[in-house]
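This report refers to the structure that appears directly beneath it.
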Amino acid sequence: MNKLDVMELGYDQEKDKLLHEIDQLKIENEKLKSELSATKEISKYLNESEQRFEQLFNNISDAVYYLKIDKEGVSGNFIEVNKIAYKRLGYTREEMLNMSPFDIDYHEREELIQILESIMNTETLIFETMHVCKDGTLIPVEIKTHNVVMDGETFTLSVCRDISERKQAERVIRDTKKQYQRLVESSTNGIAVLQDDKWVFANEAALKLFGAHTKDQLLGKSIYDMLYPEFIEKYKILTKFGGKHARLNSTWKNLDGREIHTEIVSIPIIFRDRVAKQLIIQDVTERKQAEDLMIQAEKMNVVGQLAAGIAHEIRNPLTSLKGFVQLFRSGTVPNDKFLNIMESELERIDVISSEFLTLAKPYNVDFSPVDIQELLKNVIALLGTEASKQRISIDTSFLNETIIVDGVNAELKKVFINLIKNAIEVMPDGGTIKIIVENSEEAVDISIQDHGIGMTDEQLRRLGEPFFTTKETGTGLGLMVTYKIIDHHHGEMKVKSKLNEGTTFTVRLPVIT
């Protein structure tokens, strides 16, 4: 190989080496470009993250304070505060960054140092305090602190929430509770709370009502120790199902052994975190005694009225009989006219006595099924002749179905005989009596309409009183007996009347389904 060839070979090697270095530079260049692009993306991401953090930091609804803590406590002023922190207290951000917790906390310095020491020794701490605004007003706050260690240094992030509304609500609750306690203790009605049917609270009025001198004499005892046995089941129903308007009249034997009458209202409540019953107990002992006296007085009044009525109704025929007896003694020979009058007066006494016996004697309780429409047909047939004599027709409107009631056939027949006979007697000029039978839910209505002289409101009000009647020869006892029979059959009677137009008696009786 000549020298020229050697030189050419060396040149080629240098060339290849140079090309290889160029290729390496290209690779390095591409790598640098890629790294530079990644760095830009990271920088962009960091910028965006920082913007998002700043936006979140300044728009959060709670105040945020950033501090540095060392072994000796808080080091210097706030490092950073968000917008709500300085605006809530009335400062600017620059003013706040020149301040420390000692400038905004209302605690004395020593107290605040103890709080800060607790923050240093606890990773997370929650406590309440008061912050002082720039204008001197106080804001109650709840602070939650988080300790963070970075590069060997400890920082704390405090999130501060304004709890003014919560504190206001707590004050309202406390005030309401105090007012309720004053109301309960000053109430003239007994107010008690029961759990598991035992007294757990009683106000002064309740203690006095049940004869207790101290609360220990009543609390812890069972309500059934004093409540009369016949009221226990009613009390259980009241407290289980009774609404806010449900009431129970009950009788107790208090701790003194005295009998008391009360009216109870039961209200479900929560007492000491448990379900309980609050009883409002009104002492009605005096009212009950007054009512008993009134009832007794009313009974005596009724007895007096009956006695006066009996004396008046029976005295007239007895006077007549006495006069005829004196005539016979004087030698006057009795004739048919005298005897007929005497017989009529005796019959009148017998009718009055029979009506009173009907009122006095207990009814037969052995009821049996009665076809009410068939019974009405029999009564109409019985009174048909008498109605015809008075030029009265009886129209009926019966149902196509059989209507059965539970009752005493003879007593129900007496009711409708009385009502239809009364209708005939108040229509001396003739006319039409209508008898209508109608279904009414689980009952049957029997209406008897006449076109007689009718009654005034005062007469309607007194209807059914003994010896009150609108007829010249009536005693008023017939309707009194009628009312009693209907009541015994668990029915009711309503009367409508208009003067000079007529009267309608409607009897409602429960039916057998």
Option from Asp371, Leu375, Ile512, Val444 for which side-chain contact (heavy atoms from CB on, under 4.5 Å) with Val405 holds
Val444
Sub-3.5 Å donor-acceptor pair from the side chain of Asp450 to the main-chain atoms of Gly452, do we have one?
yes
Measuring from atom CD1 of Ile264 to atom CD1 of Ile267, what distance do you get when rounded to the nearest 0.5 angstrom?
12.5 Å
Any heavy-atom pair between the side chains of Val81 and Met99 that's under 4.5 Å?
no
Just wondering, do Ile372 and Phe416 contact through their side chains at under 4.5 Å, heavy atoms?
yes
For the atom pair CZ (Arg166) and CZ (Arg161), what is the distance rounded to the nearest 0.5 Å?
9.0 Å
In terms of the angle between their ring planes, are Phe271 and Phe201 parallel, tilted or perpendicular, with boundaries placed at 30° and 60°?
tilted
Is there a side-chain contact between Glu374 and Thr402 in this structure, where contact means two heavy atoms from C-beta onward sitting under 4.5 Å apart?
no
Looking at every heavy atom in both Asn254 and Leu209, which two are closest together, and how far apart are they?
ND2-O, 3.5 Å
Applying side chain to side chain donor-acceptor pair (under 3.5 Å) as the test, list every pair that has at least one member in residues 501-510; sequence neighbours left out.
Ser440-Arg508, Asp445-Arg508, Ser447-Thr506, Ser497-Thr503
Could you tell me how the ring of Tyr65 sits relative to the ring of Phe78: parallel (under 30°), tilted (30 to 60°) or perpendicular (over 60°)?
tilted
Residues His213 and Gln217: closest non-hydrogen pair is N-OE1, 2.5 Å
Test item: Leu279 and Tyr235 side chains (from C-beta on) under 4.5 Å apart, heavy atoms
yes
Sub-4.5 Å side-chain heavy-atom contact between Val275 and Ile270:
yes
Side-chain touch Asn439/Ile403, heavy atoms, less than 4.5 angstrom:
yes
About how many Å separate NZ of Lys434 and OG1 of Thr396, when rounded to the nearest 0.5 Å?
11.5 Å
Donor-acceptor contact present, side-chain Gln373 to main-chain Asn400, <3.5 Å
no
Only pairs at least two apart or in different chains count here, so list each salt bridge (charged side-chain N to carboxylate O under 4.0 Å, His left out) that has a residue in residues 176-191.
none
Can you tell me how far OH of Tyr86 sits from CE of Met96, rounded to the nearest 0.5 angstrom?
10.0 Å
Write out all pairs satisfying salt bridge (charged side-chain N to carboxylate O under 4.0 Å, His left out) with one or both partners inside residues 229-239, taking only residues at least two apart or from two chains.
none
Straight-line distance of Leu412 CG to Ile485 CD1, nearest 0.5 Å:
7.5 Å
In terms of heavy-atom contacts, Pro369 and Asp406 come closest through N-OD1, 4.1 Å
Quick one, Ser250 with Thr262, criterion side chain to side chain donor-acceptor pair (under 3.5 Å). Give me CA distance, side-chain angles, the key distance, then yes/no.
CA-CA 5 Å; Ser250 55; Thr262 66; 3.0 Å; yes
Evaluate the side-chain contact (heavy atoms from CB on, under 4.5 Å) criterion for residues Met226 and Ile260: first the C-alpha distance (whole Å), next the side-chain angles of each, then the deciding distance (0.1 Å), finally the verdict.
CA-CA 10 Å; Met226 291 184 285; Ile260 56 174; over 6 Å; no
Can you list the residues that meet the ring-ring contact (aromatic ring centres under 6.0 Å, His included) rule with Phe210, with sequence neighbours excluded?
Trp199, Trp252
Heavy-atom pair of closest approach, residues Pro140 and Asp162:
O-OD1, 3.5 Å
Minimum side-chain heavy-atom gap Ile143-His131 below 4.5 Å:
yes
Just verifying a value: how many Å separate Leu376 CG and Ile436 CD1, rounded to the nearest 0.5 Å?
12.0 Å
Applying side-chain contact (heavy atoms from CB on, under 4.5 Å), can you list everything that pairs with Leu183, at least two apart in sequence or on another chain?
none
Of all heavy-atom pairs linking Leu67 and Ile79, the shortest is C-CD1, 3.9 Å
Taking atom types as modelled, is there a side-chain donor on His261 or Thr251 under 3.5 Å from an acceptor on the other?
yes
Please collect all salt bridge (charged side-chain N to carboxylate O under 4.0 Å, His left out) contacts where either partner lies in residues 205-223, sequence neighbours excluded, each pair once.
none
Any donor-acceptor N/O pair, Asn418 side chain to Val415 backbone, under 3.5 Å:
no
If I compare all heavy atoms of Ile448 with all of Ala423, which pair ends up nearest, and what's the gap?
CG2-CB, 4.4 Å
Report the C-alpha separation of Phe367 and Val408 in whole Å, then their side-chain angles, then the decisive distance to 0.1 Å, and conclude whether the side-chain contact (heavy atoms from CB on, under 4.5 Å) test is met.
CA-CA 5 Å; Phe367 283 13; Val408 181; 3.7 Å; yes
Testing Ile104, Ile139, Leu89, Leu138 for side-chain contact (heavy atoms from CB on, under 4.5 Å) with Val132, which one passes?
Leu138
For Ile280, is there any backbone N or O sitting under 3.5 Å from a side-chain donor or acceptor partner on Asn189?
no
I'd like to check Glu80 versus Val64 (side-chain heavy atoms, cut-off strictly below 4.5 Å). Are they in contact?
no
What's the verdict on side-chain contact (heavy atoms from CB on, under 4.5 Å) for Val507 and Leu419, showing C-alpha distance, side-chain angles and the deciding distance?
CA-CA 10 Å; Val507 177; Leu419 294 178; 3.7 Å; yes
Trace of the side-chain contact (heavy atoms from CB on, under 4.5 Å) decision for Arg274 with Val200:
CA-CA 11 Å; Arg274 287 185 57 203; Val200 294; over 6 Å; no
